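Shown next, in structure tokens, is the structure this report addresses.
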Amino acid sequence: DWRQVVTMERLHELGLTLNGAGSEPPKPATCEQHGDFESRNVFGSVWSRCPVCAEEAEQARQQRQRMADEEARNERWQGAVHCAGIPPRFTTRTLDNFIATSQAQKAALTFAQDMADELVSRHQTGRCAVFVGKPGTGKTHLAVGIGMHALKARHTVLFTTVTRLIRRIRDTYNKGN
């Protein structure tokens, strides 16, 4: 944006330095790292510096920006997963990495995939699912997989257990409320 305030540091990152006043024709200059180059009078007393150094500085700035953007995305994702109540040990669970070994698990996976797609495409329907079964059959993995699918589509998710849900309801009936 042309209205930004340009700091001395930013000028240096762009390969610009301040010299005397006035507009002058290009002049020879030498970079300690890359040797001779032609310095151009950008405006007033601002001269370009080594174009290789300027390009390296710009690439480094862009890399820092990409890393900062990626870190911000990761923090937002971690915050969304945390707010959804997904237990830390299940945050890597997805529908894609669920291994169905029995016919019942294959059917449950198909149901979960259909449910996840429907929740994302038509979330206004208000559907839900309750997974019931013996320990170690993949109920939590599938439920979290549906939640992760919805989170990736930027929908709100709440993962809870029946025990926690009953406790939350019961807490609303405390004498202080």
Side-chain angles (χ1 to χ4, degrees), residues 1-101 109-110 112-125 138 140-160 164:
D1 188 353
W2 67 271
R3 295 171 289 177
Q4 289 180 331
V5 175
V6 179
T7 63
M8 292 296 287
E9 181 180 283
R10 184 67 180 129
L11 284 175
H12 183 71
E13 286 178 1
L14 294 171
L16 305 174
T17 57
L18 294 179
N19 259 346
S23 179
E24 299 179 28
K27 65 181 182 182
T30 303
C31 170
E32 291 179 14
Q33 280 187 297
H34 303 105
D36 294 339
F37 70 97
E38 190 174 78
S39 183
R40 301 194 180 276
N41 186 241
V42 179
F43 62 89
S45 60
V46 179
W47 288 84
S48 66
R49 66 176 181 151
C50 171
V52 177
C53 288
E55 179 62 27
E56 288 172 353
E58 178 59 18
Q59 288 177 359
R61 185 194 67 75
Q62 289 176 1
Q63 179 62 23
R64 286 190 306 272
Q65 185 63 51
R66 281 191 297 275
M67 289 171 56
D69 292 347
E70 180 63 30
E71 186 176 328
R73 273 191 301 276
N74 188 40
E75 286 178 16
R76 283 191 304 273
W77 173 253
Q78 293 301 324
V81 170
H82 177 75
C83 288
I86 295 172
R89 72 186 185 114
F90 289 102
T91 58
T92 59
R93 304 306 202 280
T94 66
L95 296 175
D96 291 333
N97 65 20
F98 182 79
I99 299 170
T101 57
L109 176 58
T110 300
Q113 289 167 329
D114 292 344
M115 179 78 169
D117 290 340
E118 186 174 324
L119 284 173
V120 168
S121 65
R122 298 186 323 184
H123 65 277
Q124 298 88 357
T125 61
T140 302
H141 188 136
L142 291 173
V144 168
I146 293 170
M148 292 297 218
H149 187 79
L151 280 174
K152 285 180 182 170
R154 297 188 174 172
H155 293 286
T156 302
V157 171
L158 176 62
F159 176 89
T160 192
R164 274 194 238 146

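The structure presented is a predicted model; accordingly, all values stated were derived computationally and were not measured. Residue numbers count from 1 along this sequence.
Other residues, nucleotides and ligands place more than 12 heavy atoms under 6.0 Å from the CG atom of Leu158.
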Next on the checklist: Val46 vs Asn41, test: side chain to side chain contact (heavy atoms under 4.5 Å, CB included). Steps then yes/no.
Outcome noted: CA-CA 6 Å; Val46 179; Asn41 186 241; 5.9 Å; no

Next on the checklist: Does Cys53 form a side chain to side chain contact (heavy atoms under 4.5 Å, CB included) with Gln33? I'd like the steps, not just the answer.
Outcome noted: CA-CA 8 Å; Cys53 288; Gln33 280 187 297; 3.8 Å; yes

Next on the checklist: Walk me through whether Leu151 and Ile86 qualify under side chain to side chain contact (heavy atoms under 4.5 Å, CB included).
Outcome noted: CA-CA 11 Å; Leu151 280 174; Ile86 295 172; 4.1 Å; yes

Next on the checklist: Between Gln113 and Asp117, does the side-chain hydrogen bond (donor to acceptor under 3.5 Å, both in side chains) criterion hold? Intermediate values first, please.
Outcome noted: CA-CA 6 Å; Gln113 289 167 329; Asp117 290 340; over 6 Å; no

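By the side-chain hydrogen bond (donor to acceptor under 3.5 Å, both in side chains) test, Thr92 is found to be paired with no residue, residues two or more places apart in sequence or in another chain being considered. Arg89 meets the side chain to side chain contact (heavy atoms under 4.5 Å, CB included) test with no other residue; sequence neighbours excluded. Scanning for side chain to side chain contact (heavy atoms under 4.5 Å, CB included) contacts around Pro51 gives Phe37, with sequence neighbours left out. For the salt bridge (charged side-chain N to carboxylate O under 4.0 Å, His left out) test, no residue two or more places apart in sequence or in another chain qualifies with Arg76. With sequence neighbours excluded, the residues that form a side chain to side chain contact (heavy atoms under 4.5 Å, CB included) with Asn97 are Thr94, His141. For Arg66, the side-chain hydrogen bond (donor to acceptor under 3.5 Å, both in side chains) partners at least two apart in sequence or on another chain are Gln63. Partners of Asp36 according to the side-chain hydrogen bond (donor to acceptor under 3.5 Å, both in side chains) rule, which considers only residues two or more places apart in sequence or in another chain, are Thr30. Residues passing the salt bridge (charged side-chain N to carboxylate O under 4.0 Å, His left out) test with Glu56, sequence neighbours excluded: none. Listed by chain and number, the residues in a side chain to side chain contact (heavy atoms under 4.5 Å, CB included) with Thr156 amount to none (sequence neighbours excluded). Qualifying side-chain hydrogen bond (donor to acceptor under 3.5 Å, both in side chains) partners for His82, counting only residues two or more places apart in sequence or in other chains: none. Qualifying salt bridge (charged side-chain N to carboxylate O under 4.0 Å, His left out) partners for Arg73, counting only residues two or more places apart in sequence or in other chains: Glu70.
Contact between Leu95 and Ala116 at its shortest, heavy atoms only, is CD1-CB, 3.8 Å. A pairwise comparison of heavy atoms in Glu38 and Ser48 identifies O-OG, 4.2 Å as the closest pair. Closest approach of Val157 to Gly147, counting heavy atoms only: CG2-O, 3.5 Å. Taking every heavy atom of both residues into account, Gly85 and Arg164 meet most closely at O-NH1, 4.0 Å.
Contact check for Val120 versus His149: side-chain heavy atoms found under the 4.5 Å cut-off. Put simply, the side chain of Met148 reaches to within 4.5 Å of the side chain of Trp77, judged on heavy atoms. Counting heavy atoms from C-beta on, the side chains of Val42 and Trp47 never come closer than 4.5 Å.
Phe159 contributes atom CZ, which lies 11.0 Å from atom CD1 of Ile146 (distance to the nearest 0.5 angstrom). The structure places OG of Ser39 at 11.0 Å from CZ of Arg49, a figure rounded to the nearest 0.5 Å. The distance from the CD atom of Gln78 to the CD atom of Glu71 is 11.5 Å, given to the nearest 0.5 Å.
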